[in-house]
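Working notes, structure below.
Just the heavy atoms: all of them, side chains too, but no hydrogens, waters or symmetry mates, feed the values below.
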Amino acid sequence: MTKDDILEKLKRIPVRPGAQDIVSAGLVSDIFIKDGSVMFSLTVPAEEAQAMEPLRQLVEKEIKSLPGIEKAMVALTAERKAGDRAQAATPPHPSQPRPQPPKAPAQRGAPPAKLDVKGVKHIVAVSSAKGGVGKSTTAVNLALALKANGLKVGILDADIYGPSIPRLLNIKEKPTTVEGTRILQPIMAYGIAAMSIGLLVEEDAPMIWRGPMVVSALTQMLRDVAWNMEGDLDVLVVDMPPGTGDIQLTMAQQVPLSGSVIVSTPQDLALLDARKGIAMFKKVSIPILGIVENMSYFLCPSCGEKHDIFGHGGARETAEKIGIPFLGEIPLHMDIRERSDSGCPIVATEPDDPHSAIYLQLAKDVAQGLQTSSRPAPKITFE
């Protein structure tokens, strides 16, 4: 099945009865195909987004019916035309009545409904609000450390634009669906259940998607994955994308997070972004389980001397000022970096290593933080 095959099918679907097809109308975005999975979006005017939902469902159904297609994911991307914005900004002619601003609602609307993520007791977001601080490596080793302490654990790669989990866990196979359903089965790696957009598209394929498409993909990977295929998960670790924009805020508002872990380096610039991430989670009432100082120091393998390459202690000082737990210092070390790059995380492959002990303690502190969160936590015993 090729892109041309998909486009030929889409050319037979009109925007509405008697109208031109959705391809000729320019609604179809770039199409991603991998191992029987097809993903694309339909770009429609913002004012028609709700009315176009039946069309989206029809398109998804038609693509799913094609031979060899196991899964289809179609999202609506709504945008306003530049001309509409310009027209709205143009002041009315003096002879015309000036439009009155809409009246403020009597009360605020209800907050967005939380997703129902079946088979998961706790969801923990690992966030940095800044790229390049080792967040994904920390998320993977935290998940493996929680598993090493007897919990059933999963990990979701929520970084659609730069997925790292497939490489960090050395996953090469594709997800399959539960027979007779559209539910994906996560891939088991080192005893934890994993899901990532990187398992559904080619590794080098750029994800040129707008925010609504990304949110739709994340929602589907949370809701339409059989996280409990080997029993309910105690903890699902979410490797959040960097930043504090619309995608991160949507995740924080719509995903039933039990808490968040903030990852930062000691640098002032990284800590500045980390504080923004903490503020975002606080605004949506997500408990902050603590902050981790990654790349905290470099221990020379030859002489054993400790070097503070990026400074030292900034995350601890920030935690004390803000009043959140400080979860520890993770050094900048070749073993952690090399094993991460090769898909052999240090916690799983060298459980007795001193650096693995740091992640195990981090997992213990996170689990204890969950026990004091608003949602009931599983009973956890550490040896």
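- For the atom pair CD1 of I262 and CZ of F326, the computed distance is 13.5 Å after rounding to the nearest 0.5 Å.
- Contact annotation: the side chain of N141 never approaches that of I358 to less than 4.5 Å [non-hydrogen atoms, C-beta and beyond].
- Side chain of N228 to main chain of G231: no donor-acceptor pair is present (N/O by atom type, distance under 3.5 Å, no hydrogens or angles).
- Under the 4.5 Å side-chain criterion, counting only non-hydrogen atoms from C-beta, Y359 is in contact with I346.
- Closest approach of V347 to A145, counting heavy atoms only: CG1-N, 3.8 Å.
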Item to check | Residues M240, V126; criterion side-chain contact (heavy atoms from CB on, under 4.5 Å); working and verdict | outcome: CA-CA 6 Å; M240 294 281 284; V126 178; 5.9 Å; no
Checklist entry - Given the rule in the side-chain contact (heavy atoms from CB on, under 4.5 Å) test, do Q185 and M195 qualify, once you have shown the distances and angles that lead to the verdict? => result CA-CA 8 Å; Q185 297 190 47; M195 181 54 62; over 6 Å; no
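- The structure places CD1 of I330 at 6.5 Å from CD1 of I336, a figure rounded to the nearest 0.5 Å.
- Annotation: the span from L58 atom CG to E53 atom CD amounts to 11.0 Å, rounded to 0.5 Å.
- A donor-acceptor pair under 3.5 Å is formed between the side chain of K152 and the backbone N or O of E230.
- Residues I13 and I31 fall within the same hydrophobic cluster, defined by Ile, Leu, Val, Met, Phe, Trp and Tyr side chains chained together at heavy-atom separations under 4.5 Å.
- The main-chain N or O of Q20 is never found under 3.5 Å from a side-chain atom of S24 such that the two would form a donor-acceptor pair.
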Checklist entry - What's the verdict on side-chain contact (heavy atoms from CB on, under 4.5 Å) for M188 and M229, showing C-alpha distance, side-chain angles and the deciding distance? => result CA-CA 10 Å; M188 298 301 297; M229 67 178 186; 3.6 Å; yes
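- The shortest non-hydrogen separation linking I63 to A72 is CG2-CB, 3.9 Å.
- Look at E293 and R316 and you find no salt bridge, because none of the NZ, NE, NH1 or NH2 atoms lies under 4.0 Å from a carboxylate O.
- For K135, the NZ atom is densely surrounded, since the number of other residues' heavy atoms within 6.0 Å is greater than 12.
- For S296 (side chain) and E329 (main-chain N/O), no donor-acceptor pair under 3.5 Å exists by modelled atom type.
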Item to check | Intermediate values then yes/no, side-chain contact (heavy atoms from CB on, under 4.5 Å), I33 and K3 | outcome: CA-CA 7 Å; I33 306 173; K3 289 185 180 181; 4.0 Å; yes
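- Taking the charged nitrogens against the carboxylate oxygens, R56 and E60 do have a contact shorter than 4.0 Å, which makes a salt bridge.
- Between the side chain of S65 and the backbone N or O of E62 there is at least one donor-acceptor pair closer than 3.5 Å.
- Side-chain polar atoms of N294 and T265 form no donor-acceptor pair below 3.5 angstrom.
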Next on the checklist: Test salt bridge (charged side-chain N to carboxylate O under 4.0 Å, His left out) on K9 and D5; report intermediate values, then the result.
Outcome noted: CA-CA 6 Å; K9 181 70 172 179; D5 297 326; over 6 Å; no
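- Annotation: the span from L146 atom CG to L236 atom CG amounts to 11.0 Å, rounded to 0.5 Å.
- Judged by distance alone, with hydrogens and angles left aside, the side-chain atoms of T138 form a donor-acceptor pair with the main-chain N or O of G134 at under 3.5 Å.
- Tracing side-chain contacts under 4.5 Å through hydrophobic residues (I, L, V, M, F, W, Y), one reaches Y161 starting from V238; they form part of the same cluster.
- Classification of K121 and D234 as a salt-bridged pair holds, one side-chain N sitting under 4.0 Å from a carboxylate O.
- Scanning both residues, I192 and A143, for their nearest heavy atoms gives CD1-CB, 4.0 Å.
- Judged by distance alone, the side chain of K64 and the main-chain N or O of E70 form a donor-acceptor pair under 3.5 Å.
- Here the shortest heavy-atom pairing between L360 and P351 reads CD1-O, 4.3 Å.
- If you take OG on S29 and CZ on F40, they are separated by 7.5 Å, rounding to the nearest 0.5 Å.
- Between P345 and L169, the shortest heavy-atom contact is CG-CD2, 4.0 Å.
- Looking at heavy atoms from C-beta onward, L27 lies out of side-chain contact with V23 at the 4.5 angstrom threshold.
- Between V74 and L42, the closest side-chain pair of non-hydrogen atoms falls below 4.5 Å.
- Between E338 and H333 the shortest side-chain heavy-atom distance does not fall below 4.5 Å.
- The backbone N or O of P166 lies less than 3.5 Å from no partner atom in the side chain of N170, so there is not a single donor-acceptor pair.
- Salt-bridge annotation for R339 and E350: present, with a side-chain N of the basic residue lying under 4.0 Å from a carboxylate O of the acidic one.
- Using a 4.5 Å cut-off between side-chain heavy atoms of Ile, Leu, Val, Met, Phe, Trp and Tyr, with links allowed through other members, V284 and L257 fall into the same hydrophobic cluster.
- Nearest approach of I22 to L10, heavy atoms of both residues: CG1-O, 3.5 Å.
- Linking Ile, Leu, Val, Met, Phe, Trp and Tyr whenever their side-chain heavy atoms come within less than 4.5 Å puts L7 and L55 in one cluster.
- Using a 4.5 Å cut-off on side-chain heavy atoms (C-beta onward), W227 and P186 make contact.
- Here the side chain of S196 pairs no donor or acceptor atom with the backbone of D157 at under 3.5 angstrom.
- Under a cut-off of 6.0 angstrom, the local environment of NZ in K118 is sparse, with at most 12 non-hydrogen atoms contributed by other residues, nucleotides or ligands.
- Inter-residue side-chain proximity for K282 and I322 is flagged as met; some heavy-atom pair is nearer than 4.5 Å.
- Here the side chains of S136 and D159 are not in contact, with every heavy-atom distance at 4.5 Å or above.
- Within the model, atoms CG of L199 and NZ of K174 stand 11.5 Å from one another, a figure rounded to the nearest 0.5 Å.
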